[in-house]
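Below is one structure, written out as structure tokens; comments come after it.
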Amino acid sequence: MPGWAWTLVGAGAGLLLCWLVLLAVLWAARPDELRARELLRLLPDVLRLVRRLAADRSLPRGVRVRLWLLLGYLALPVDLVPDVLPVIGFADDAIAVALVLRAVVRRAGPDAVARHWPGTEAGLAALRRVTRLPG
């Protein structure tokens with residue numbers, strides 16, 4: 001086998017190993033059943049929140065770019081972890097949402113999330129609890 005082929009095999013094996021480690025970490029950190037149900041109930045409001053934040057021109061451009069990239073990632077049918085896997089299939093999406101919302105709060109403040117939240121106060125409190133956003 002030529003040298004370039006071994007390089008491709010090595011790169012593919014490295015990517016596969018990284019993906020398997022990601023699966024193991026997501027499985028270990030998977031949300032419990034109560035938290036998963038709470039996240040699923042919040043999903044429509046979270047998607048509207050991300051869309052509203054992405055369209056808000058008063059937010060810094062970097063924040064809006066992250067939000068649009070998040071919306072694109074959530075819309076893609078192909079994920080890092082397939083959604084057909086029970087529990088952890090949606091864990092990568094939930095982690096991506098939590099990380100981006102934390103970045104939004106760091107740059108724009110918690111009032112930006114509260115200002116654009118389309119749901120109830122209880123829903124916002126649940127979102128803050130699940131994603132560990134400051135109040």
**Prompt:** Would you call Pro118 and Arg52 a side-chain contact if the rule is heavy atoms closer than 4.5 Å?
**Reply:** yes
**Asked** Do any N or O atoms from the side chain of Arg64 and from the backbone of Leu59 form a donor-acceptor pair under 3.5 angstrom?
**Response** yes
### Query
Are Leu43 and Leu53 grouped together when hydrophobic residues (ILVMFWY) are joined by side-chain heavy atoms under 4.5 angstrom apart?
yes
Would you list the atom pairs, donor with acceptor, under 3.5 Å between side chains in residues 95-107 and any protein atom, with sequence neighbours excluded?
unit_1 : atom_1 : unit_2 : atom_2 : d
Arg102 : NE     : Thr131 : O      : 2.9
Arg102 : NH2    : Thr131 : O      : 3.0

Nearest heavy-atom approach of Asp56 to Ser58 is OD1-OG, 2.7 Å
Output for pair (Leu71 CG, Leu76 CG), nearest 0.5 Å, gives 11.0 Å
Please answer whether the main-chain N or O of Leu49 pairs with a side-chain N or O of Trp117 as donor and acceptor at a distance below 3.5 Å.
no
Within the structure provided, determine whether Arg51 and Leu67 are in side-chain contact (heavy-atom separation under 4.5 Å).
no
Requested in this report: Taking the side chain as every heavy atom from C-beta outward, state whether Pro110 and Arg115 have any atom pair closer than 4.5 Å.
Outcome: no
Problem set entry | Any Leu124 side-chain heavy atom under 4.5 Å of Val113 side chain | yes
